[in-house]
Amino acid sequence: TATGLLEARSRGEGRPEPPATSRPPSLSADMVLRLRLAAMEAETVRLEAHRDRRLRALENRRSKARTIAESADTVRGPEPATVLELLYGAARDRDFVSAPRAAESGAEAWTLSGGRAFLISGPNWAETGGLIGGRGNGRAGGGALSLVMRLSGHVSVRGALAEIRGAFGEQAAARTLAFHKVAGVSATLRKALARPPLPPDACESLWPEARDYLTTEFGVSGIMCDLYHGRGLLAADRRGSVLFVCEGGRGAFRMSVPADGGRGRARPPRASAPPFLLEGTDPLAIVTDCPAGALLLKAREIGSTVLVLGELSDPGRLLPHLKGRAVTVEGELGSRGLKRVRKFLKRERLNHTVKPSPRAG
């Protein structure tokens with residue numbers, strides 16, 4: 001009947017089923033971690049390709065430096081020992097006792113009538129300072145031209161070159177000038193090719209334990225540990241502490257591993273040092289207060305640049321890495337380091353966002 005039909009419809013009977021709507025399945029925590037690790041691996045591959053290109057360019061520069069060094073040897077000009085003897089009347093002193101390192105290099109001692117003493121090793125020279133046996137004053141150089149400028153007080157190359165020309169002739173002066181220029185280029189290249197050194201107490205044999213500590217206590221991925229250990233940014237010292245090496249190898253944060261387990265706290269460098277720096281390609285910079293937390297932030301924002309500055313360091317060291325990037329300050333905002341960073345950003349009128357989070361280490 002009509003009444004029964006209405007009652008059935010009110011109960012939903014006889015109605016066509018609505019089409020099922022497809023909902024995206026929720027991702028489990030394990031799947032999210034796998035996706036992040038996959039993104040990190042892709043970023044690692046890209047960075048390794050970039051590293052390979054830089055290594056090839058570096059090898060080309062090293063080859064150029066070797067060629068320049070070989071050229072310098074062929075255009076050396078008069079030796080510093082000859083200049084000391086003929087121009088200044090110096091005499092070889094075979095009884096002079098030099099430092100062990102100078103003795104190992106085969107350096108010869110030459111003395112002037114006034115008591116000044118020089119150590120000569122090939123084209124290199126160093127003044128010992130004062131009378132023989134006195135403390136050195138750190139004056140050193142390479143080639144005859146710099147030696148003549150030192151002894152005769154010439155402030156220009158032209159005056160010292162004229163003195164060499166008068167004593168040894170035009171050809172010797174031309175070779176001396178060529179060596180001076182080539183040696184300067186070689187020194188610049190050597191400085192550019194120098195790799196950031198690890199702290200002197202770094203211990204490679206204890207790195208596996210430090211790596212395990214970062215992965216188990218802080219949840220840092222092993223891929224990231226291996227990546228930055230290979231770049232010289234993560235290491236272990238002789239006590240088993242984790243070293244977070246600052247930019248250029250000038251200082252390091254140290255995190256002792258507690259004997260009873262748990263998370264340790266990183267001690268900043270004792271003196272003013274550059275930041276602990278994890279470089280990225282995206283226009284995003286994150287400043288935080290703990291290096292272990294920096295690794296976690298880097299995993300979260302793969303392309304970002306993450307920095308940690310020591311409490312005694314000048315916040316101005318951050319500026320070259322912050323310009324042109326969106327800046328976020330994230331960490332324990334009440335810490336002394338982040339307070340100084342925020343004050344610096346306000347003074348420099350750099351827009352930034354703030355995200356409080358508990359200290360990671």
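- The two residues Pro320 and Gly316 come nearest to each other via the heavy atoms CD-O, 3.8 Å.
- Contact check for Pro275 versus Leu309: side-chain heavy atoms found under the 4.5 Å cut-off.
- With rounding to the nearest 0.5 Å, the separation of OH in Tyr228 from CZ in Phe276 is 8.0 Å.
- The side-chain heavy atoms of Glu301 and Thr328, taken from C-beta on, include no pair separated by under 4.5 Å.
- Leu312 and Leu338 fall into different hydrophobic clusters, where Ile, Leu, Val, Met, Phe, Trp and Tyr are joined by side-chain heavy atoms under 4.5 Å apart, directly or via other members.
- Rounded to the nearest 0.5 angstrom, Met149 CE and Ile164 CD1 are separated by 10.0 Å.
- One distance of note links CD1 of Ile120 with CD of Glu85; it measures 11.5 Å at 0.5 Å rounding.
- Atoms CG and OH, on Leu147 and Tyr88 in that order, are 6.5 Å from each other to the nearest 0.5 Å.
- In summary, the side chains of Arg267 and Ser256 do present a donor paired with an acceptor at a separation below 3.5 Å, with no hydrogens or angles considered.
- Under the 4.5 Å side-chain heavy-atom criterion for Ile, Leu, Val, Met, Phe, Trp and Tyr, Val242 and Leu206 are members of distinct hydrophobic clusters.
- Residues Cys225 and Val220 come closest through the heavy atom pair SG-CG1, 3.7 Å.
- With hydrogens and angles disregarded, no donor-acceptor distance shorter than 3.5 Å links the side chain of Thr288 to the backbone of Val308.
- Distance check: Lys346 NZ to His352 NE2 gives 6.0 Å after rounding to the nearest 0.5 Å.
- Taking a 6.0 Å sphere around CZ of Arg239, one finds it holds 12 or fewer heavy atoms contributed by other residues, nucleotides or ligands.
- Minimum interatomic distance between Gly331 and Asp289 (heavy atoms only, all atoms of both residues): CA-OD1, 3.6 Å.
- Pairs engaging residues 308-337 under the ring-ring contact (aromatic ring centres under 6.0 Å, His included) rule: none recorded [sequence neighbours left out].
- When all heavy atoms of Leu87 and Ala167 are compared, the pair lying nearest together is CD2-CB, 3.5 Å.
- In this structure, the side chains of Leu234 and Phe244 come closer than 4.5 Å at one or more pairs of heavy atoms.
- Below 30°, between 30° and 60°, or above 60°: for His229 and Trp207 the angle between ring planes is below 30°, a parallel geometry.
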Pairs under 3.5 angstrom only: tabulate donor-acceptor contacts from the side chains of residues 209-219 to other protein residues two or more places apart or in another chain.
residue : atom : partner : partner atom : Å
Arg211  : NE   : Asp226  : OD1          : 2.7
Arg211  : NH2  : Gly222  : O            : 3.3
Arg211  : NH2  : Asp226  : OD2          : 3.2
Tyr213  : OH   : Gly262  : O            : 3.2
Tyr213  : OH   : Gly264  : N            : 2.6
Thr215  : OG1  : Arg211  : O            : 3.2
Thr215  : OG1  : Asp212  : O            : 2.9
Thr216  : OG1  : Asp212  : O            : 2.7

Next on the checklist: Between Arg231 and Glu279, does the salt bridge (Lys or Arg N to Asp or Glu O under 4.0 Å) criterion hold? Intermediate values first, please.
Outcome noted: CA-CA 11 Å; Arg231 295 183 185 179; Glu279 290 186 285; over 6 Å; no

Next on the checklist: Using side-chain contact (heavy atoms from CB on, under 4.5 Å), reason through Val83 and Leu151 one step at a time and then give a plain yes or no.
Outcome noted: CA-CA 11 Å; Val83 171; Leu151 287 172; 5.9 Å; no

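- Atom CD1 of Ile286 and atom CG of Leu297 lie 5.0 Å apart (nearest 0.5 Å).
- Between Pro269 and Gly310, the shortest heavy-atom distance links the atoms CD-CA, 4.5 Å.
- Contact annotation: the side chain of Leu243 approaches that of Arg254 to within less than 4.5 Å [non-hydrogen atoms, C-beta and beyond].
- Side-chain atoms of Leu322 and Leu345, non-hydrogen and from C-beta on, do get closer than 4.5 Å to each other.
- Of all non-hydrogen atoms in Phe168 and Thr82, the two that sit nearest each other are CE2-CG2, 4.0 Å.
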